[in-house]
Number of protein chains: 2
Amino acid sequence: MDDVMRTVDIAIVEDNKRYLNELALLLSNSPSINIVGCYERGKDAIEEVVKTNPDVILIDIDLPDISGVEVIERVSAHGCPAEFLVLTVYDDDKHLFSALQAGAVGYIVKGSTSLDEIESAIFDVIDGGAPMSRVIAKRVIETFRTKKTPQKTKTKFDELTKRELQILEYISHGYTNRQVAEKLHISYETVRTHLKNIYNKLHVHTLVEAIMLYKNR
Amino acid sequence: MDDVMRTVDIAIVEDNKRYLNELALLLSNSPSINIVGCYERGKDAIEEVVKTNPDVILIDIDLPDISGVEVIERVSAHGCPAEFLVLTVYDDDKHLFSALQAGAVGYIVKGSTSLDEIESAIFDVIDGGAPMSRVIAKRVIETFRTKKTPQKTKTKFDELTKRELQILEYISHGYTNRQVAEKLHISYETVRTHLKNIYNKLHVHTLVEAIMLYKNR
DNA sequence: AAGTAAATACCACAATTGGGTTATTGAGAC
DNA sequence: GTCTCAATAACCCAATTGTGGTATTTACTT
């Protein structure tokens, strides 16, 4: 119809120089793809990518300096409207879900995806799709069904006692330690004792950390 | 390699007799598909399908007697290990997500999917995939990311400046005020100033309250 | 009966956070 | 050329939180 002349501006963030060149070479051969930026480090990308304003950003999730997830978050936070397509060697739930939650729309496992498929994934993205393999899609909905906890592995929350969980629950509703004490009819110092034990079990040092873990458990 | 003789047992639950016949006809033509049951009503399916023990169940989500969602739930509850592939005319989030949550692995919109595609979707399922269109996949991960709060109504967060949101973002990752200052290369006191302004705008008095609002915004 | 885990409570001190106030700079708006 | 606002920064003081202890009671295990 009308997409004969449509071009897509893309940026690539990939620390492996060889792979980066390979990708850039292939994609630049496509008449409808316009590479507006290549970055080997996440930090560079965060600073530069907003200026070039690409439509799609191909990003390696395992960058040497900052995690790709953080790059996605920060670039999005910068108000960049680009869609993120994650390239990765990690075919595990942990990376998958943190990428999706950060805002990636697609997840491509390096080894098992041809360069051609990457190209078509880019077009998928601008067409409003979410390119990922069927198998990955399955994992996504699986988590969807079972609701919370994307990982079935270790959950430190098993170690927490009923009382400790209860206190986290109140804290997460915005109550201060003193207010929790009042609500539970125990002393302020007891609440603090529970909190100390919680911190030790979760390996955190502040309320906010504990709460964030709790809410994503 | 070895799938020459593999056959898939499937059941179909579909109230539209015409469509049911059409489907059954097509699928029975495939040498590797074996239709073990057809049901026009959800109630029948619940009672019968466990006995025939299909690998995949094609199910219309909008049945006249019981909702397809309920059928999925009850058949699964009966210990039937089948995978569910939802057929539907409803291309909206409400039906999509309730189907996924009930346990469907695939979601196929009737109008926009050919019978051939349905056949390959079935093979997708037994290969461990989750067949759905790219566009539907996009909607799934979209919800994934934003989690709760489907309404975008009133949000006090509009009042927050870019910097303020950025600070909340860091805080929500567990950084202390001092660490945020360092990350952003601004002074500790500036971070605190921003936080005070945030508190005023959000009408809260503690970090945890602010973060909880932020995370559910 | 002894041992253990959970819940309770208090003390003390350091660090961080909450709240008020003031002030400078630069970018856009009018 | 003001005016406003976002972003920056500092100071003070009170309150809360973070960290290290120690200690008692109850309930469940062995």
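In what follows, chains carry the letters A, B, and so on, assigned in the order in which the sequence lines appear, proteins first and then strands, with residues in each chain numbered from 1.
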Donor-acceptor pair, side chain of A/Tyr199 and main chain of A/Leu207, under 3.5 angstrom: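 Side chain of A/Tyr199 to backbone of A/Leu207, a donor-acceptor pair under 3.5 Å: yes, one is there.
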
Side-chain donor/acceptor of B/Asp60 to backbone N/O of B/Val13, under 3.5 Å: no

Write down the distance between [atom1] ([X]) and [atom2] ([N]), rounded to a whole number of angstrom.
{"X": "A/Ile198", "N": "C/dA6", "atom1": "CD1", "atom2": "P", "answer": "13 Å"}
{"X": "A/Ile167", "N": "C/dA6", "atom1": "CD1", "atom2": "C1'", "answer": "12 Å"}
{"X": "B/Glu209", "N": "C/dG18", "atom1": "CD", "atom2": "P", "answer": "9 Å"}
{"X": "B/Leu207", "N": "C/dA15", "atom1": "CG", "atom2": "C1'", "answer": "14 Å"}
{"X": "A/His205", "N": "C/dA15", "atom1": "NE2", "atom2": "C1'", "answer": "14 Å"}
{"X": "A/Leu168", "N": "C/dA7", "atom1": "CG", "atom2": "P", "answer": "12 Å"}
{"X": "B/His194", "N": "C/dT21", "atom1": "NE2", "atom2": "C1'", "answer": "17 Å"}

Sequence neighbours excluded - salt bridge (Lys or Arg N to Asp or Glu O under 4.0 Å) pairs with any residue from residues 170-184 of chain A: none

Enter the inter-axis angle for the ends of the helix from C/dA1-D/dT30 to C/dC30-D/dG1 (five pairs per end, rounded to 10°). 50°

Would you call [X] and [Y] a side-chain contact if the rule is heavy atoms closer than 4.5 Å?
{"X": "A/Leu202", "Y": "A/Tyr214", "value": "no"}
{"X": "A/Lys17", "Y": "A/Glu40", "value": "yes"}
{"X": "A/Met212", "Y": "B/Lys215", "value": "yes"}
{"X": "B/Val180", "Y": "B/Ile171", "value": "yes"}
{"X": "A/Leu20", "Y": "A/Asn16", "value": "no"}

Residues in contact with DNA chain D, drawn from residues 185-193 of chain A - heavy-atom cutoff 4.0 Å: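 Residues of residues 185-193 of chain A that come under 4.0 Å of DNA chain D are, in numerical order, A/Tyr188, A/Arg192.
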
Which residues pass the side-chain contact (heavy atoms from CB on, under 4.5 Å) test with B/His173, not counting sequence neighbours? A/Glu73, B/Glu169, B/Tyr175

Taking only residues two or more places apart in sequence or in another chain, which ones pass side-chain contact (heavy atoms from CB on, under 4.5 Å) with A/Leu26? A/Leu115, A/Asp116

Side chain to side chain donor-acceptor pair (under 3.5 Å) with A/Glu48: which residues, sequence neighbours excluded?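 For A/Glu48, no residue satisfies side chain to side chain donor-acceptor pair (under 3.5 Å) once neighbours in sequence are set aside.
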
Outermost nucleotides of DNA chain D that come under 4.0 Å of a non-hydrogen atom of chain B: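 Range of nucleotides within reach of chain B: D/dA6 to D/dC12.
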
Distances under 3.5 Å between protein N/O atoms and the N/O atoms of nucleotides 24-27 of chain C, please, pair by pair.
none

Only counting residues at least two apart or in another chain, list the ones meeting salt bridge (Lys or Arg N to Asp or Glu O under 4.0 Å) with [X].
{"X": "A/Lys162", "value": "none"}
{"X": "A/Arg192", "value": "A/Glu189"}
{"X": "A/Glu164", "value": "A/Lys201"}

Identify, residue by residue, the members of residues 174-184 of chain B with a heavy atom below 4.0 Å from DNA chain C, and return them in order of residue number, or none. B/Thr176, B/Asn177, B/Arg178

So, is A/Thr161 close to the C/dA7 phosphate, meaning a side-chain N or O under 4.0 Å from OP1 or OP2?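 Yes, such a contact exists.
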
Kindly give the heavy-atom pair with the smallest separation between A/Ile211 and A/Leu168, and that separation in Å. CD1-O, 3.8 Å

Search all heavy atoms of A/Leu25 against all heavy atoms of A/Ser28 and return the closest pair with its distance. O-OG, 2.9 Å

Remember a base hit wins even if backbone is also touched, and classify B/Leu195 as base, sugar-phosphate or nothing at under 4.0 Å, heavy atoms. nothing

